Amino acid sequence: MTDPKDTINIENVVASTGIGQELDLQSVAMDLEGADYDPEQFPGLVYRTQNPKSAALIFRSGKIVCTGAKSTDDVHESLRIVFDKLRELQIQVNEDPEIVVQNIVTSADLGRNLNLNAIAIGLGLENIEYEPEQFPGLVYRLDDPEVVALLFGSGKLVITGGKKPVDAEHAVDKIVSRLEDLGLLE
Amino acid sequence: RLRKWQERIRTKDAGERNLQFALSEIDRMASALGVPRSVREVASVIYRRALKEDLIRGRSIEGVATSALYAACRKEGIPRSLEEISEVSRVERKEIGRTYRYISQELGLEMRPVDPKKYVPRFCSELELSEEVQTKANEIIEKTAEKGLLSGKSPTGYAAAAIYAASLLCNEKKTQREVADVAQVTEVTIRNRYQEQIEAMGIHG
DNA sequence: ATCTTACTTTCCAAAGC
DNA sequence: GCTTTAAAAAGTAAGAT
């Protein structure tokens, strides 16, 4: 029996940082190839990195949001690329700006089909949200790691809202034991 | 002081007018849907609770009224799909769904997932199918749901597929299009659910 | 009938309306 | 509240072939 924890895969990491300098996004948009900037639509400039793949949202304040990376290492690598690109444009960028991971999206597999109707009752209707007419996943909010889990009939799940990779592992452990206690796994 | 007093009366009157508007909207939509008076009463109670709990702030009166009616239909065991509800409301489906989930959570309505069987009598009646077909459709839903096939699936599509299968088994065939129209799902959904259900039932293909 | 594309849900930061 | 970005899960839908 494979431990569901071993099936955990990080799908997306969101992080924020800042270069400590105000920016003229109009000129950055002109000089940075591949930059998308439409202030009418959104105040941030969008810059995509290829390796690792990610999208950075660069703001006038110099603050930056990076999303789409597959690991915390990739977030750092992507942002290093962004910092270097800005430096190439003669923009001052702090030595190594603090990067804060804000959200990690993970997927996992319990390896068994789930009866979501039974789980909805078992976990308590007041604790979950399950509206298959609107979305096929059951929404389960955990307190302990403060994350949100989406459980599917296939046994696959998505865990989001965590700040550290271990949050997902703890969440999977809790979900597995809760379901086992209820006799709703296997 | 006098101004404050007048203001209170003004806001009280405004609040009263808003409540009257919401209740008349619930009445209008309930009539259009043809649901019994008990459903309107449950919907009004839910709306008044939402009002008391101050859940309407930042949301439209119409949206909360529609969501209250949607919840009431389910609570009374005669669900209408969001699609059906949105046809008699001026609020779009997505907004009704969001508002419903919000008030449901905040008021602790503890709504159980919709049982597809609840749609069988109405859909079959619209299709002029016999009692025999209804019984067969319920049996298909019951047995396949027990095997876990229902997880994550839309109740209307699930009921539609079972009704389609039952109509074939009882020699009262309706086309996928006809069933899809009354259930307001696509033929593709009926086809997909139908295949899974007959396979799980061990019936011919 | 099947394929592709797209939309539903969850999370989070950013600046501004 | 909204706007934009990214990503997974699975169901549903629309338009094209």
Side-chain angles (χ1 to χ4, degrees), chain A residues 7-18 22-23 25 36-49 52-71 74-75 78 99-110 113-114 116 128-142 146-163 167-168, chain B residues 57-60 81-83 93-95 97-98 101-102 150-158 160 176 180 183-193 196:
Chain A
T7 68
I8 291 178
N9 190 31
I10 293 178
E11 307 288 354
N12 184 25
V13 177
V14 181
S16 60
T17 186
E22 291 248 331
L23 292 169
L25 294 184
D36 288 342
Y37 181 48
D38 182 358
E40 307 283 294
Q41 192 175 111
F42 188 70
L45 178 155
V46 182
Y47 181 71
R48 286 158 225 276
T49 61
K53 198 177 142 194
S54 77
L57 304 178
I58 305 172
F59 298 88
R60 184 190 47 35
S61 63
K63 291 189 176 179
I64 300 172
V65 170
C66 180
T67 181
K70 292 289 186 188
S71 69
D74 280 358
V75 176
S78 291
I99 293 170
V100 180
V101 173
Q102 303 285 359
N103 181 30
I104 297 179
V105 182
T106 306
S107 65
D109 190 352
L110 298 180
N113 288 337
L114 302 175
L116 298 183
I128 61 94
E129 237 183 78
Y130 176 48
E131 291 294 332
E133 185 186 350
Q134 301 184 56
F135 186 69
L138 182 152
V139 183
Y140 184 38
R141 288 162 208 280
L142 300 256
E146 208 169 295
V147 300
V148 174
L150 305 179
L151 317 198
F152 296 87
S154 63
K156 301 268 186 63
L157 49 123
V158 170
I159 293 167
T160 185
K163 307 256 186 225
D167 288 342
Chain B
R57 212 169 260 183
R59 261 158 280 270
S60 71
S81 67
L82 287 172
E83 195 60 50
R93 193 197 134 121
K94 186 176 164 182
E95 183 59 25
R98 282 190 181 184
R101 292 201 312 267
Y102 177 72
L150 179 56
S151 284
K153 271 81 166 199
S154 150
T156 48
Y158 206 87
Q176 293 179 357
Q184 293 187 290
V185 296
T186 64
E187 293 169 88
V188 179
T189 294
I190 291 187
R191 230 172 274 141
N192 293 336
R193 295 305 136 252
E196 296 172 353

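Naming convention: chains lettered A, B, ... in sequence-line order (proteins, then strands); numbering from 1 in each chain. It should be emphasised that the depicted structure is a prediction, and the values quoted were computed from it without experimental measurement.
Contacts of B:Val185 with the nucleic acid, taken as non-hydrogen atoms under 4.0 Å apart, involve only primed sugar atoms and P, OP1 or OP2. Within 4.0 Å of A:Ser154, counting heavy atoms only, lie sugar-phosphate atoms of the nucleic acid but no base atom. The residue B:Gln184 sits close only to the backbone: its heavy atoms come under 4.0 Å of sugar-phosphate atoms, none of a base. Heavy atoms of B:Arg93 sit nowhere under 4.0 angstrom from any nucleic acid atom. Within the nucleic acid shown, B:Arg101 comes within 4.0 Å of sugar-phosphate atoms alone, with no base atom in reach, counting heavy atoms only. If you check every strand for non-hydrogen atoms under 4.0 Å, B:Arg57 touches nothing.
A straight line from NZ of A:Lys156 to C1' of D:dG11 spans 14 Å, rounded to a whole angstrom. Rounded to an integer number of Å, the gap from CD of A:Gln134 to C1' of D:dA9 is 17 Å. Atom NZ in A:Lys70 sits about 6 Å away from atom P in D:dA7, given to the nearest Å. What separates NZ of A:Lys53 from C1' of D:dT5 is a distance of 12 Å, to the nearest Å. Separating the CG atom of A:Leu25 from the C1' atom of D:dT4 is a distance of 14 Å, rounded to the nearest angstrom. Here D:dA8 presents its C1' atom at 12 Å from CG of A:Asp109, a figure rounded to the nearest Å. Atom CD of B:Gln176 and atom C1' of C:dT2 are 14 Å apart (whole Å). The separation between A:Leu150 atom CG and D:dG11 atom C1' is 14 Å, rounded to whole Å.
For B:Arg98, a side-chain nitrogen or oxygen approaches OP1 or OP2 of C:dT9 to under 4.0 Å. Here B:Arg193 does not reach the OP1 or OP2 of D:dG11: none of its side-chain N or O atoms lies under 4.0 Å away. Contact between the side-chain N/O atoms of B:Thr186 and the OP1/OP2 oxygens of D:dA13 is found at a separation under 4.0 Å. Distances shown here put a side-chain N or O of B:Thr189 below 4.0 Å from the OP1 or OP2 atom of D:dA13.
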Go through the steps for A:Asp36 and A:Arg48 under the test side-chain contact (heavy atoms from CB on, under 4.5 Å), then give the verdict. CA-CA 9 Å; A:Asp36 288 342; A:Arg48 286 158 225 276; 3.7 Å; yes

Start with the C-alpha gap between A:Val148 and A:Ile159, add the side-chain angles, then the distance that decides, and say whether side-chain contact (heavy atoms from CB on, under 4.5 Å) holds. CA-CA 6 Å; A:Val148 174; A:Ile159 293 167; over 6 Å; no

Indicate for each nucleotide in nucleotides 11-17 of chain C, in 5' to 3' sequence, whether protein heavy atoms under 4.0 Å reach the base (B), only the sugar-phosphate (S), or nothing (-). BBBBBS-

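The distance from atom CD1 of A:Ile58 to atom SG of A:Cys66, rounded to the nearest 0.5 Å, is 10.0 Å. In this structure, NZ in A:Lys70 is found 7.0 Å from CG in A:Asn9, a value given to the nearest 0.5 Å.
Using a cut-off of 4.0 Å between Lys/Arg side-chain N and Asp/Glu carboxylate O, B:Glu95 and B:Arg98 are scored as not salt-bridged. With respect to A:Glu129 and B:Arg101, a salt bridge is recorded, a charged nitrogen being found less than 4.0 Å from a carboxylate O.
Scanning both residues, A:Ser107 and A:Glu11, for their nearest heavy atoms gives OG-OE2, 2.6 Å.
Closest to the A:Ala55 side chain, of the nucleotides D:dT5, D:dA7, C:dT2, is D:dT5. Nearest to the side chain of A:Phe152, among D:dA6, D:dA10, C:dT8, sits D:dA10.
DNA chain C is contacted by both A:Val158 and B:Arg191; B:Arg191 maps to the nucleotide lying nearer its 5′ end (nearest heavy atom per residue).
A:Ile8 pairs with exactly one of A:Leu157, A:Thr106, A:Asp109 by the side chain to side chain contact (heavy atoms under 4.5 Å, CB included) rule, that one being A:Thr106.
C:dT2 sits 23 Å from D:dA9 when the C1' atoms are compared, rounded to a whole Å. Rounded to whole Å, the P atom of D:dC2 lies 10 Å from the corresponding atom of C:dT9. D:dA7 and C:dC3 have their C1' atoms separated by 23 Å, with the value rounded to a whole Å. Nucleotides D:dT4 and C:dA6, compared at atom P, are 15 Å apart to the nearest Å. For the C1' atom pair drawn from D:dA8 and C:dA14, the interatomic distance equals 23 Å after rounding to whole Å.
Using a distance-only test at 3.5 Å, with no hydrogens or angles considered, no donor-acceptor pair links the side chain of A:Thr160 to the main chain of A:Val105.
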